[in-house]
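Data block below; observations after.
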Amino acid sequence: MEAATAAMVWFRKGLRVHDNPALDAARRGAGRLYPVFVLDPRYLRPDPAAASPGSARAGVARVRFLLESLADLDARLRRLGSRLLLLRARDDDVADAVCAALKDWNIGKLCFESDTEPYALARDKKVTDFTMAMGIEVVTPVGHTLFDPADIINKNGGRPPLTYQSFIAIAGEPPEAILEEYSELPPVGDTGEYELLPVPTVEELGYGDISQEEISPFRGGETEALRRMKASLQDKEWVAKFEKPKGDPSAFLKPATTVLSPYLKDVYRSVRNYTKPPVSLTGQLLWRDFFYTVSFGIPNFDQMKGNKICKQIPWSENEELFVAWRDGRTGFPWIDAIMIQLRKWGWMHHLARHSVACFLTRGDLFIHWEKGRDVFERLLIDSDWAINNGNWLWLSCSSFFYQYHRIYSPITFGKKYDPNGNYIRHFIPVLKDMPREYIYEPWTAPLSIQKKSKCIIGKDYPKPVVDHDTASKECRKRMGEAYASNRLDSNSFKGKPSNLSRRKWSHGDHDASNSSIAKLLKTS
DNA sequence: TGGCTCGTTGTGAGA
DNA sequence: GTCTCACAACGAGCC
């Protein structure tokens, strides 16, 4: 059976060679191996109308990170006597390109890493429908997460655990990593008429004019990921003492976390136990799995409406405030510096993410978490659907976390770590000469100081878009009201008198949507 | 069913 | 610098 010896490994998220169950399954028994990645123009095509340099779906830092990861994957495959076969999506449809290649190359076995995102599930179903019809064997091992989300949900009686602790209790020990090393892969088979693309650079994709921009110091790829992990783990004391909440969010020259998250698509299973979850390094990996599991088990996880674990909150619509936040023009230097770091580097510290997410939603602007989620998703080099949505639900107090009176201060939170404001001075050069006592609140500087610092507030740098004390108090009040409404609605769901909840819902235009949520809850 | 515990990472005041 | 407390009080999981 000639066909049965031709196998394809289809790379999507796990752009790595080591500890890759899909690659391992594909190489075993294969006479010829086709390692494939499909370029999706929707992620790569420059969009001049986008809010910042990049495509419609990915900022340029994220595009660059992907391309570097692909180049490294190709290089590592070549060292094993193989290579990466880079295909272009047909009419923007990745699944079609895979199906066509399977047929044209007479592939007998297809292996790819299981992916639980809704987009991926739909894409992969299209491919597996095809392989079923064609009689092609398919293997889809779990490789992106430590656990299989479906397994955890089954163990928990069909529902995902909704707290981290209950997740840990159910999950147990993660499976062992694949430790087997191999020095060669089966040769690549004949690819016929196919146009195999070299890995393009961002410049070749048409992003040439941004070469003057400050770029992310984080290079993509498994080689860099392994180097970074090795360097981090070599410092045993650092690992043993690692406590996530104690990291310094303003440390940008030498970040306080591992910065492994962007590479987790390439590497992670070799990290074994050191200290205790939830703040330890392994604890961080389990958080990933926690959000993956919930996101797989809860319909409409990535939106407020129709999401039964999400508080229904009447967020404000205010495009002007949203754009100021997105573009780093809120007038709060700490917030703006973080958003500028995000746009340029595609990465910022975990607690910096907390600060800006809280500010946008329940802390100051009362704008919908889905708006912020979209910005992060497009710009982050460690962009990840399940984790990004999970954290926005968390930070906006829509799910998982409900202490809405705990609000990060856009002034004092950063000051605690970086009283001189070095982080601000780096990312917002116009403030670089502002004296230390005004760097977090430049609008309070006397005009003479502003002139001396060559930064007039309201002209060279914006005035604050809100007064934090007033805005945060108002936000607390509105959160309290929204929670009360949600409580009343869930009481009526439990069969208690519903006339109260009717009355409570009657403010504004949220009556209809909240009623439909109530219906949805009733049917589930 | 209802009561209890506990939860990765808030702030500001005061000792 | 480090600690404790009030602030005002949530909900999932568990017994």
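Chain naming here is simple, since letters A, B, ... match the order of the sequence lines and numbering starts at 1 in each.
For A:Asp460, there are no side chain to side chain donor-acceptor pair (under 3.5 Å) partners at least two apart in sequence or on another chain. Residues meeting the ring pair (Phe, Tyr, Trp, His ring centres under 6.0 Å) test with A:Phe11, sequence neighbours left out: none. Partners of A:Asp124 by side chain to side chain donor-acceptor pair (under 3.5 Å), not counting sequence neighbours, listed by chain and number: A:Arg12.
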Point to revise | Worked check of ring-ring contact (aromatic ring centres under 6.0 Å, His included) between A:Trp287 and A:Trp394 | key: CA-CA 12 Å; A:Trp287 275 104; A:Trp394 185 295; 5.4 Å; yes
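Counting only residues at least two apart or on different chains, the salt bridge (Lys or Arg N to Asp or Glu O under 4.0 Å) pairs with a member in residues 406-415 of chain A are A:Lys415-A:Glu441. For residues 323-344 of chain A, the pairs satisfying salt bridge (Lys or Arg N to Asp or Glu O under 4.0 Å) are A:Asp327-A:Arg329, with sequence neighbours left out. Counting only residues at least two apart or on different chains, the ring-ring contact (aromatic ring centres under 6.0 Å, His included) pairs with a member in residues 427-457 of chain A are A:Phe252-A:Phe427, A:Phe332-A:Trp443, A:Trp345-A:Phe427, A:Tyr423-A:Phe427. Contacts classified as salt bridge (Lys or Arg N to Asp or Glu O under 4.0 Å) and involving residues 314-324 of chain A (residues at least two apart or in different chains) are given here: A:Glu319-A:Lys371. The side-chain hydrogen bond (donor to acceptor under 3.5 Å, both in side chains) contacts involving residues 151-165 of chain A comprise A:Thr163-A:Ser166, where partners must be two or more places apart or lie in separate chains.
Ion pairing between A:Glu117 and A:Lys13 holds under the 4.0 Å rule for side-chain N and carboxylate O. Between A:Arg478 and A:Glu481, no side-chain nitrogen of the basic residue sits less than 4.0 Å from a carboxylate oxygen of the acidic one, so the salt-bridge criterion is not met. With respect to the salt-bridge test (charged N to carboxylate O, under 4.0 angstrom), the residues A:Glu224 and A:Arg219 do not qualify.
DNA chain C is contacted by A:Pro161, A:Leu162, A:Thr163, A:Ser166 of residues 150-169 of chain A, taking any non-hydrogen atom closer than 4.0 Å.
With rounding to whole Å, A:Gln403 atom CD is found 10 Å from B:dC6 atom C1'. Summarising the geometry, the separation between CD1 on A:Ile387 and P on B:dT8 is reported as 16 Å, rounded to the nearest angstrom. Rounded to an integer number of Å, the gap from A:Tyr404 OH to B:dG7 C1' is 17 Å.
B:dG7 and C:dA9 have their C1' atoms separated by 13 Å, with the value rounded to a whole Å. Nucleotides B:dT1 and C:dC14, compared at atom C1', are 13 Å apart to the nearest Å.
With pairs defined as Watson-Crick or G-U wobble and both atom distances under 3.5 Å, the stems of at least three pairs that touch DNA chain C come out as B:2-7 with C:10-15, B:10-15 with C:2-7.
No donor-acceptor pair under 3.5 Å is formed between the side chain of A:Asp364 and the backbone N or O of A:Ala471.
The outermost nucleotides of DNA chain C lying under 4.0 Å from heavy atoms of chain A, listed 5' to 3', are C:dA8 to C:dG13.
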Review point. Just by protein heavy atoms under 4.0 Å, how would nucleotides 10-15 of chain B read 5' to 3' in B, S and -?
Key: BSS---
